[in-house]
Amino acid sequence: MKKNLTIPSLGILLILLLAACVKDTDFEQADNITLRPTVELDLIYFDLSASDFFDSNTSNQILTVSDTTELRFLSDGEIQDGLKRAEFYFKFTNSIQRSFTADFQFLSEQNDTTYAVQTSVSQGTIANPVITEFIENVEGNAIADLTMASKVVVSVTIPSSDANLTGSLNLKSKTTYYTEFQ
Amino acid sequence: MLFIALWGVTVIAQNKQVLYGMHEIPQNLMLNPGTKISQKRHYGIPLLSQVHFNLGMSGVSVYDIFGKSDTDINTRIRNKIFELSDKDFFTSTQQLDLINFGWLAKNKLYFSGGIYEEFDFILYFPRDLAILAWEGNRDYLDYEFDLSQVSTTGDLMTVYHFGVNKQITKKLTAGIRAKIYSSMFSYKSTNNSGTFVTRLGDENSENIYEHRLENVNVSVETSGYASLRDVDQASLVTSEVLKRAFFGGNLGVGIDIGATYDITNELAASASVLDFGAIFHTKDVESYRVRSNYTLDGIELIFPPLVDGQGTLPYYDDLEDEVEREVPIDTLNSSYTQLRPMKVNASLGYSFGAPTDGGTDCNCYDMSGGLSRNQAVGLQYYSIFRPKGPQMAGTLFYYRRLFDFLSAKATYTIDSYSSSNVGLGMVVDFGKFNFYVAADNLLSYGNLAKAKSVSLQLGFNIKIARE
């Protein structure tokens, strides 16, 4: 009886230890692992008032105002490799009795324009502010242009203005970044 | 070569359920300082008296991710991320006995001591952060990503120990072991709190979204790291770490206690508490802490009237400065105390079968209350205290002394990893030479990739029996 047990238990242990193996696996699949996070991120916002378009000191119209900010993350190496698509969403709320043209000019560090977006904004009134939404979808080859940029120049143009113009033009914006990291 | 091959893939939980209670193995004293002892002296073969490796995962196996399958690996990873909870963990433990010895003194006390090296690591699965990294935040507006799920510790240390064991009465054997820990490297990030959430703003919000860090309090404590950070040569790092192995690191103290009690001739109970202690990190300590409540809205343009040749405001730099100011990473050098992961073992065993000492009813050699029979069955309990509460395991065992020189034990264990863990161990005494090997999760040995944890322990000793 004792002998009958000894040999099998030793045998089982040895066979199991010898037979221990890793099979039915394919570790080369690791090369295919891809993270595809889709990130929602605020972009820029502003609040311009009608008086920004008229210089009361000189009584001159100011037809275009512009401002610039860096967006250094756009030209980051990881983003250049990983960004597959970017969807910009702009939401203008206008209570000025004028329509506007808004320009977003993406510039490289050398101030070359790499990508540009233009949209028009409908006029509204103080009683009834009008919302204009605009979506710019960037994908394919255009992504390479966009990710060469490290800053954006925002220009807002009014066809005409005077001292009596009232109301404000508000912008909120965000971007959806569709990325792929391997 | 077999063993070396196995080391690479073998995994063990800190639970050594197969070894526990096997009196023939001198290192059983490390699992219960109050175990019964049959030998007069033992000397572990240096570096080989106990080898122990662990790599455990709860909820996921290598096969789950890398198995050959028609399903895309990314789909499998995604499914696992959602299937796992923040209570799931990855753990790795490794111990190596450098020296282990013991002797029975004239006053019937069995003294034992030694040095071993231990590496211990646990990482809880930070589920929310994994979802955020894998999916992004688009589909998770208003979802509060929980930063308290970040919980991990890691330690590398040398342990110097000395213990004493005594048969106090016919029925009771008890023992205690003192330990000095010399920590070579340690980090921990536990008790974190806070959330990250992206909320859709309303009319009064500055921008479309509000990206908010709410009540964030996250810290990482390290010891033995700061002085290595700037050492770039691997050999220098190694020599510096080794220096700390010999009391050069941060020191700690702890004890093990244990006892065995023969309730009747057949029924015996035992229990032990191991590593009840703490390490005091005072040297080479560096901690990083983030405490923040912050909302990111994007960049506000204010269209300043431009004077010729002058640029506009540095919005982006200002934003970066604001983030650094509002989400500061503080570096602290304050000491901290770290509790050791305490382990509790308990067992209840019933002996039966032929007496192992020549067929008499009196065990005239060791005079202990319980008779030594050649078979036993019983239950064992094990728990280890981890950052998110104890991890427990229950074991059924069958022990059989097959010959005077050979004993074996089979176990069936239910724990965090699986409910089908079968283990087998044996110990051989060839004259003065003592060898043991134990492995668990044997059912997985056909394909280790499917195992969530597997184990192998082995060791060699010189053991001198009592006359």
Side-chain angles (χ1 to χ4, degrees), chain A residues 2-3 5-6 9-10 12-30 32-48 52 55 62 65-73 89 91 93 150-151 154 156 171-174 176-179 181, chain B residues 2 5-6 9-10 62-63 65-68 72-74 77 132-139 141 198 201 205-211 296-304 306 311-317 400 402-403 406 408 410 424-426 437 439 442 445-450 454 456:
Chain A
K2 283 180 179 177
K3 216 160 213 170
L5 270 175
T6 314
S9 41
L10 275 175
I12 288 168
L13 195 56
L14 273 176
I15 287 166
L16 282 168
L17 294 183
L18 281 167
C21 66
V22 173
K23 60 187 181 192
D24 300 329
T25 51
D26 176 9
F27 290 99
E28 289 186 8
Q29 291 177 95
N32 301 332
I33 296 175
T34 312
L35 276 77
R36 294 188 181 84
T38 306
V39 176
E40 292 279 343
L41 192 62
D42 276 333
L43 193 60
I44 52 177
Y45 61 101
F46 63 70
D47 219 357
L48 282 168
D52 289 328
D55 189 335
I62 302 170
V65 299
S66 67
D67 203 353
T68 307
T69 179
E70 287 188 290
L71 296 173
R72 286 203 292 269
F73 64 91
Y89 169 77
K91 182 184 180 189
T93 307
S150 64
K151 51 188 149 183
V154 182
V156 181
L171 170 75
K172 293 177 179 180
S173 68
K174 57 112 174 168
T176 311
Y177 300 94
Y178 297 82
T179 59
F181 299 103
Chain B
L2 163 68
L6 274 167
V9 291
T10 304
V62 172
Y63 183 81
I65 303 299
F66 290 103
K68 281 183 188 150
D72 180 54
I73 187 167
N74 293 303
I77 292 174
L132 184 60
W134 194 260
E135 303 266 290
N137 62 348
R138 181 189 56 170
D139 297 332
L141 299 181
T198 300
S205 304
E206 303 273 26
N207 209 339
I208 308 278
Y209 294 121
E210 291 175 346
H211 307 284
L296 176 76
D297 295 310
I299 294 170
E300 181 179 17
L301 302 182
I302 57 171
F303 295 89
L306 294 185
T312 181
L313 299 169
Y315 298 110
Y316 199 81
D317 289 331
R400 183 164 181 128
L402 298 159
F403 296 109
L406 178 75
L424 198 59
M426 59 162 200
V437 57
L442 292 176
Y445 270 63
N447 187 355
L448 284 177
K450 286 186 180 174
V454 195
L456 182 91

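Remember, predicted model here, so these are calculated numbers, not experimental data. Each chain gets a letter, A, B and so on, in the order the sequences are listed, and its residues count up from 1.
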Pick one of side chain, backbone, both or neither for [X], based on which atoms fall under 4.5 Å of a heavy atom in chain A.
| X | result |
| --- | --- |
| Ile77(B) | side chain |
| Leu296(B) | both |
| Asn137(B) | both |
| Glu300(B) | both |

Salt bridge (charged side-chain N to carboxylate O under 4.0 Å, His left out) against Lys174(A), all qualifying residues, sequence neighbours excluded: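 Glu40(A).
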Got Tyr315(B) and Ile44(A) here, is their nearest side-chain heavy-atom distance under 4.5 Å?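 Contact flag for Tyr315(B)/Ile44(A) side chains = no.
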Residue [X] versus chain B: region with a heavy atom under 4.5 Å:
| X | value |
| --- | --- |
| Ile62(A) | neither |
| Leu43(A) | backbone |
| Tyr89(A) | side chain |

Determine the option with the most heavy-atom pairs under 4.5 angstrom with chain B, choosing from Lys151(A), Gln29(A), Arg36(A).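 With the most close heavy-atom pairs to chain B, the winner is Gln29(A).
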Can we say Asp317(B) and Arg72(A) salt-bridge, meaning some charged N sits less than 4.0 Å from an Asp/Glu carboxylate O?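 Arg72(A) and Asp317(B): salt-bridged.
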Return the minimal non-hydrogen interatomic distance between Asn32(A) and Ile73(B), and the atom names on each side.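 Heavy-atom minimum between the residues: CB-CG2, 4.1 Å.
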Check whether any side-chain N or O of Tyr45(A) sits under 3.5 Å from a backbone N or O of Ser205(B) as a donor-acceptor pair, and report yes or no.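 No; judged by distance alone, with no hydrogens or angles, the pair does not exist.
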Taking Asp42(A) for the side chain and Ile299(B) for the main chain, is one N or O donor matched with an acceptor at less than 3.5 Å?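 Flag not set: sc Asp42(A) to bb Ile299(B) has no pair under 3.5 Å.
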Once side chain to side chain contact (heavy atoms under 4.5 Å, CB included) is applied, do any residues pair with Thr38(A), and if so which ones, sequence neighbours excluded?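 Partners of Thr38(A) by the side chain to side chain contact (heavy atoms under 4.5 Å, CB included) criterion, ordered by chain and then number, come out as Thr176(A), Tyr178(A), Arg138(B).
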Nearest 0.5 Å please: distance from the CZ atom of Phe303(B) over to the CG atom of Asp52(A).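 Reported value, rounded in 0.5 Å steps: 8.5 Å.
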